[in-house]
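The block underneath contains the structure these notes are about, expressed in structure tokens.
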Amino acid sequence: MVAHPSRDQLTAVKQILEVAGGLLVLQAIVGLVHLWIGWFRWIAIVRYLDLATATEVMLSLGFAVVGGVLAVLADRVNAPG
């Protein structure tokens, strides 16, 4: 017999996915703003990775894509009726 997760467990998973996706999208925006304008120096994780500028842009875009995927996954999590 398969044990199904409870409503509270599904709600917790949904919240974790939403927060993780939101943080990744935020880091993508902050990383790109830091590269282009120079703002948000203290919050941009990409800056601490010591990579070339082109790689930082690709990494920021990757953060945005993964964050978007996590947000879509969070939307697909349904609590039982």
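This one's a predicted model, so the numbers in the text were calculated from it and none came from an experiment.
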Please report, to 0.1 Å, the donor-acceptor pairs under 3.5 Å made by any side chain of residues 13-32, with sequence neighbours excluded.
residue, atom, partner, partner atom, Å
Q27, OE1, I45, N, 2.9
Q27, NE2, I43, O, 3.1

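Rounded to the nearest 0.5 angstrom, E56 CD and F63 CZ are separated by 10.5 Å.
Residues V57 and L61 meet the side-chain proximity criterion, which asks for heavy atoms closer than 4.5 Å.
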